[in-house]
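The shown structure was predicted, so the numbers you read here are calculated from the model rather than taken from an experiment. Each ligand, and each atom within it, is numbered from 1 in the order the structure gives. No hydrogens, no waters, no symmetry mates; every other heavy atom, side chains included, goes into these values.
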Amino acid sequence: MNTTVLKERLENLDRLFFPGNRKTDGPSKALVLDLGDESFYDWEIPEQYLASYVSGPALGARLWAEFAGADVEEQSTYESNNPVVLTASLMSNSGMPGGESLSIAFRSPVTGTLRFNVVSNSFGMRLHSLGYAALIITGRLRRPAVIDIRKSGVVYNISEVFIGYTVSQVEELVKTGPMTTAMSIGPAGEQKVPYAAVVSEGASTGRGGLGCVFGYKNIKSLCITGFNTDFVRQGNQEDIEKALRKLGKVLEDSPYCKAMQRCGSVCLIKSSGKKGWAPVFNFSRRTDPRLFHLGGDEVARRYGQNHGGCIGCPILCRHRTRTGITIPDYASVLMLGSNIACFDMDKIIERYAVCLDLGLDPVSTGNVLGWAYEAWLRRKANLFEEGFSFKDNSKVLPLIEMIARRTGIGEPLSYGTYALGNACGDMGFAFTIRGLECGPFDYRGAYGQSLSDAMGFWFDDYFGIHSSLCRRDQADWAVLNEQIVMGLESSGVSPALIIPTVTEHERKLNRRLAIMPKSAMKLVKPYLIAETISAIKGFDITVDEILGLGDRCWRLIYEINRALGFDMLRENGELIPQHFCIDPESNHKVDSILPFRTLLDRYCFLRKQTIAVQGSGLNAD
Ligand code: SF4
């Protein structure tokens, strides 16, 4: 990576984006951990960065570029030059629903591009309570360690004793609880499985191989102790209460929130079958009547409505069985279930728990197993003994463990779908994008999602999934989705609020229309969220500022990815697996292929306009 050129371009952007009069508040320093010599220090974040990029992924991307080493792509020094930047949400501790999140920026060892995962957990809130806006991890430890961050300083507990520990064993060791939380890896991260995940507070912290990066850096667990129960609000108390009451009422009346609270995110599975984006039998089919067993109504009937949510999130989509076992999210259910021909929720729940405990990303694991199943049926890979069944957990659970520990037949599977497809000389049924396993969408039924995934964002295409959109307008909606999602995340608000506060409101207005018209794009904006942030912060934040921040975040990622060798607007290679673009055959009633080139052309056109609007002198060339 040519860091000099990148830094020059980013400095120009900093000047271009600097909103001279924007107020900044909250912590202004970052805690930097230098793993190379097991030290730490405070670093003052330039005010310009805080004013221009605020928090979340935008600030994370800027700080990542600041700390990345020139030879970030060199395998031998790769991890010591690949910083991991964790940024807390600006709205942390404000009491705003959906205001607690943590963004994690790193260079994915799988795609080679900048990746940012945004998760809702208490890590960011604890970081804020220690007085930091961000945590920057540089260098690499020589031996495995548990890193303990407290008000009194940082302690590196170096020991080989953790090797082989599962996530639950590490959490027991570091005593996670109300005062302490941890982000830990299991054996998969230690073994540098490319789809290893970091697990925190009972959920994965996202895809892209963060667990593998932790493994390279020898971080077994990153713990933080701190808690702040005081609200941090600058606005007028009366205005804040009024704004929160208004937002609370909308959320309370929202059919989306009610469905999530009744059944969890698996309520989306019904529409996945109906719209034809469900991955079934390794993406060969797009729907199946047995999806009923995985859908919201059936899950609520079987397991009750024992709901809960991530810290500060009002959607409350995380459910548990009556005995307290976590019910997976819709993406994990589809990938560990229908994608490998399993429609038994009890078995999927067990698979999910094992993946998390061993530190594997459940979505990628489901994709790899889907590939293995098809390769076995096609006799492309002779991996399994006679009698092996992907429906039988007594066979599948040990297989998942073998993958995480890289033993037996798990060893070849641990390399991931892309490597497996290449090794077999047939990429026809290996579903990956830039080497990362495809998620729970058959793009023939989810056009807009293909753009989000191809660009490496991998967040939900909220408009495409939850509304009916004209096919012609999908790229325009995808760009709007990017603007709003990245704008909200960088402003410190969960994009999960898009549906109850933005889309549903618009649907109410256009109740009689089957398809959301393109003209609605002007109205589909996060007005209510901007109003609530303004009341809490005590100064005006407009919708245009949120969307502008989303575009700035996109631009930073675009520039960084270009320096890393991925030009998002010029990529001529095969971004999306061919199967979705050429094969209309499936069991869905509407035959369809993904018109990816047309979508991409429109996307590039719109994004070049973004660049042109942002300022002169820094075009896409
Ligand atoms: S929508 Fe669900 S998974 Fe997302 S933050 Fe809220 S409770 Fe957590």
Side-chain angles (χ1 to χ4, degrees), residues 55-57 87-104 116-125 181 183 197-207 247-248 250-252 254-269 271 296 299-300 303 305-320 325-335 349 352 355-356 361-363 439-440 452 457-463 465-466 481 484-486 488-504 526 529 532:
S55 72
T87 37
S89 136
L90 179 76
M91 301 309 289
S92 192
N93 262 331
S94 68
M96 176 166 176
E100 292 296 346
S101 64
L102 178 77
S103 275
I104 310 165
F116 66 90
N117 295 343
V118 182
V119 288
S120 286
N121 61 29
S122 68
F123 206 96
M125 180 265 280
T181 194
M183 292 171 53
V198 170
V199 178
S200 179
E201 299 179 10
S204 159
T205 58
R207 309 188 58 212
L247 178 61
V250 169
L251 297 174
E252 206 183 298
S254 153
Y256 172 76
C257 291
K258 283 183 187 149
M260 286 285 173
Q261 287 160 15
R262 203 172 71 80
C263 334
S265 70
V266 288
C267 67
L268 292 176
I269 289 179
S271 88
V299 168
Y303 302 104
Q305 295 176 21
N306 193 1
H307 67 246
C310 306
I311 181 166
C313 180
I315 311 279
L316 302 177
C317 79
R318 292 175 75 176
H319 280 233
R320 292 182 178 275
I325 300 166
T326 304
I327 297 176
D329 56 290
Y330 78 97
S332 304
V333 169
L334 289 172
M335 293 308 287
I349 289 173
Y352 178 74
C355 281
L356 286 192
D361 168 30
V363 172
S452 165
F457 298 128
W458 298 93
F459 43 59
D460 283 1
D461 171 32
Y462 287 94
F463 299 117
I465 294 175
H466 297 277
N481 186 61
I484 301 185
V485 170
M486 290 196 251
L488 289 182
E489 285 175 342
S490 300
S491 304
V493 181
S494 165
L497 297 195
I498 290 178
I499 306 303
T501 64
V502 179
T503 321
E504 280 180 350
I529 297 176
T532 317

**OP:** State which residues pass side chain to side chain donor-acceptor pair (under 3.5 Å) with R318; sequence neighbours excluded, sorted by chain then number.
**Re:** none
May I have the list of side-chain donor-acceptor pairs in residues 197-204 shorter than 3.5 Å, sequence neighbours left out?
unit_1	atom_1	unit_2	atom_2	d
S200	OG	A182	O	2.9
E201	OE1	S122	N	3.3
E201	OE2	S122	N	3.3
E201	OE2	S122	OG	2.6
E201	OE2	T181	OG1	2.7
S204	OG	G206	N	3.0

Subject >> Distance below 2.8 Å from atom 8 (Fe) of ligand 1: protein N/O/S atoms >> reply: C310 SG
**OP:** Please step through side-chain contact (heavy atoms from CB on, under 4.5 Å) for the pair I327 and Y352, ending with a clear verdict.
**Re:** CA-CA 8 Å; I327 297 176; Y352 178 74; over 6 Å; no
Original post:
Of all heavy-atom pairs between P440 and V363, which one has the smallest distance, and what is that distance?
Top reply: CD-CG1, 4.5 Å
Original post:
Where do I315 and Q261 come nearest, in terms of heavy atoms and distance?
Top reply: O-CG, 3.5 Å
Original post:
Excluding sequence neighbours, so at least two apart, what forms side-chain contact (heavy atoms from CB on, under 4.5 Å) with S55?
Top reply: L90
